[in-house]
Amino acid sequence: MGLMEQKQHFSVNLLDWYMINRRDLPWRRHHNPYFTWVSEIMLQQTRVDTVIPYFNRFIANFPAVQALAEAPEEDVLKNWEGLGYYSRARNLQAAARQVMELHGGEMPQDKQAVFALKGVGPYTAGAILSIAFNQPQPAVDGNVMRVLSRYFLIDEDIMKGSTRVLMEELAGELIPEGRARDFNQALMELGALVCTPKAPHCLTCPVMEQCSGRIAGRELTLPVKTKAKPPRPEQRLVALVEGRGKHRGQVLVRQRPATGLLARMWELPHVLAAPAAAGKVAGPLADEPAMALLAGSLWAEGFAARPEGLATHAEHVFSHIVWNLQVYKCTEQDQGSDELPLIAAEARAAYEVQAATKEMAASVLDAARSASDLDGEMLPEAAEASINSALTQTGKGDGLIYRWIGPKDMEKLAFPNVFLKLLSSYFAGAYDEVSE
DNA sequence: AACCCGGGGAT
DNA sequence: ATCCCAGGGTT
């Protein structure tokens with residue numbers, strides 16, 4: 001059996017299988033390029049079952065390109081809340097504005113024009129052109145690479161750019177005349193339902209007879225993929241500041257900067273506890289120095305708050321960082337009162353007198369040495385530099401926007417999931433009692 | 001080419 | 001716990 005026959009067997013049988021087994025998905029009910037586009041962006045790094053409710057709500061709120069282009073960015077982010085990779089949402093809206101200005105509100109059918117849209121790369125461009133317009137363009141993602149690497153027994157590392165190019169050439173050759181729309185979706189459908197990463201269902205696969213990977217017993221060792229680096233851990237101290245006086249019933253939140261991690265998302269104020277020393281993992285910080293550091297950083301941002309005690313722990317996992325969060329319940333203090341607690345006074349001094357920062361660093365370092373796995377071999381200068389960077393990292397000149405919010409305000413502001421859960425728990429009455 | 005960017009479901 | 005996912009942007 002030659003390669004030509006193997007390719008034909010693949011295309012014919014896969015397409016036949018798809019026409020019987022295709023799932024009924026919301027974005028497959030119409031040939032609407034906007035629906036295809038939105039769904040493909042949402043489906044980047046996110047599973048179908050997760051996307052469906054988000055897609056339906058998004059289309060209900062932004063039914064066409066123009067509605068998306070004209071919406072406040074805040075509303076778009078709120079509709080994306082919980083999906084992750086929030087730059088996808090910002091890029092999608094920026095691209096909607098491109099489509100309005102450059103193409104009169106209609107998705108272009110030219111490959112270069114589609115590729116030029118923000119957030120649209122090689123995969124998404126191919127997906128839009130093939131699914132929306134039935135153009136014979138390959139749409140190669142990790143799923144397609146898994147299927148092709150197994151069926152054709154391709155040992156190339158799929159993390160390499162050159163492999164994606166090779167796969168695109170191959171995928172393009174496999175598209176049956178006039179059937180790009182169904183065939184590309186069939187390829188992805190097979191990867192999602194049959195040719196799965198861990199336990200492929202080879203016995204029910206429509207192309208198993210000529211699958212070189214299965215015949216060679218390699219289905220579990222393909223595709224070849226270099227392992228990603230493990231995420232670096234970060235210990236962070238979070239302030240859950242309970243308002244008093246005119247802020248009674250409210251909590252202090254802030255908006256992140258316009259660029260970088262979680263851009264423009266809202267969050268509870270937090271600060272890096274201590275960067276890990278070289279080759280070390282930053283462990284939890286003892287409560288006393290943690291609360292001093294937190295009070296100090298809040299003071300630097302213009303807020304007088306007294307930490308009351310540890311409320312809870314939380315974890316937030318990114319692809320490259322793990323946030324280990326120590327959440328402290330704090331109480332807003334009246335700035336005019338003589339009853340500013342000692343800890344806030346110390347924090348004030350620390351930030352008004354630069355030299356006092358060293359005391360903070362020393363106390364944090366002492367606590368870290370005794371409470372964690374720091375072994376004392378760390379150079380004092382290096383430790384001090386680390387602590388200083390932690391102290392100056394938050395805010396200070398960044399012009400972060402702070403707000404006091406109640407439960408109703410949660411409806412408008414977009415939070416990463418970890419803060420969404422913490423705030424929901426708080427407003428539901430959790431953390432009413434904390435350890436002093 | 002290497003790194004940056006979330007979150008959840010499956011195993 | 002570990003792995004994976006219907007990737008794209010930036011440097």
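Model, not experiment: these values are computed from the prediction. So you know, we letter chains A, B, ... as the sequences are listed, proteins then strands, and number each from 1.
- Of the candidate nucleotides C/dG7, B/dG8, C/dC3, C/dC3 has the atom nearest to the side chain of A/Lys198.
- C/dA6 and B/dC3 are spaced 24 Å apart, taking the P atom of each and rounding to whole Å.
- We find that A/Arg22 and A/Asp182 are not joined by a salt bridge, their nearest charged nitrogen and carboxylate oxygen being 4.0 Å or further apart.
- Listed nucleotides C/dC4, C/dA6, B/dG8 differ in distance to A/Pro197; the shortest reach to its side chain belongs to C/dC4.
- Between A/Thr124 and the phosphate of C/dG8, there is a side-chain N or O to OP1/OP2 separation shorter than 4.0 Å.
- In terms of position on DNA chain C, the residue among A/Gly119 and A/Leu43 whose nearest nucleotide sits closer to the 5' end is A/Leu43.
- Atom CE of A/Met167 is separated from atom C1' of C/dA6 by 16 Å (rounded to the nearest Å).
- By the 4.0 Å N-to-carboxylate-O rule, A/Lys160 lies close enough to A/Glu156 to be salt-bridged with it.
- Residues A/Lys7 and A/Phe152 are in side-chain contact: their nearest non-hydrogen atoms beyond the backbone lie under 4.5 Å apart.
- Taking side-chain N and O atoms only, A/His320 has a distance below 4.0 Å to OP1 or OP2 of B/dC5.
- Note on A/Arg23: a base of the nucleic acid sits closer than 4.0 angstrom, heavy atoms only.
- For the pair A/Arg90 and A/Trp80, the cation-pi test (distance below 6.0 Å, angle within 45°) is failed.
- Relative orientation of the A/Tyr151 and A/His9 rings is parallel, given thresholds of 30° and 60° on the angle between their planes.
- For A/Tyr85, no side-chain nitrogen or oxygen approaches OP1 or OP2 of B/dC4 to under 4.0 Å.
- Close to B/dG7, at under 4.0 Å from its OP1 or OP2, lies no side-chain N or O of A/Asn417.
- Closest to the side chain of A/Leu262, out of C/dC4, B/dG6, B/dG9, is B/dG6.
- Comparing the P positions of C/dG8 and B/dG8 gives an interatomic distance of 22 Å, to the nearest angstrom.
- When the side-chain nitrogen and oxygen atoms of A/Arg146 are compared with OP1 and OP2 of C/dC5, one or more of them lie within a distance under 4.0 Å.
- In this structure, A/Gln45 does not reach the B/dG6 phosphate: none of its side-chain N or O atoms is under 4.0 Å from OP1 or OP2.
- Closest to the side chain of A/Trp27, from the set C/dC4, C/dA6, B/dG7, is C/dA6.
- Distances shorter than 4.0 Å separate some side-chain N or O of A/Lys225 from OP1 or OP2 on C/dC5.
- Each of A/Arg232 and A/Met265 was assigned the nucleotide of DNA chain B with the nearest heavy atom; the assignment lying further toward the 5' end belongs to A/Arg232.
- Rounded to whole Å, the P atom of C/dC4 lies 22 Å from the corresponding atom of B/dC5.
- A residue-by-residue look at A/Arg88 and A/Ser162 shows that A/Ser162 has its nearest nucleotide of DNA chain B further toward the 5' end.
- Minimum atom distance to the side chain of A/Ser319 is reached by B/dC5, of the listed B/dC5, C/dC3, C/dC4.
- With the nearest nucleotide of DNA chain C identified for both A/Pro122 and A/Arg47, A/Arg47 has the one nearer the 5' end.
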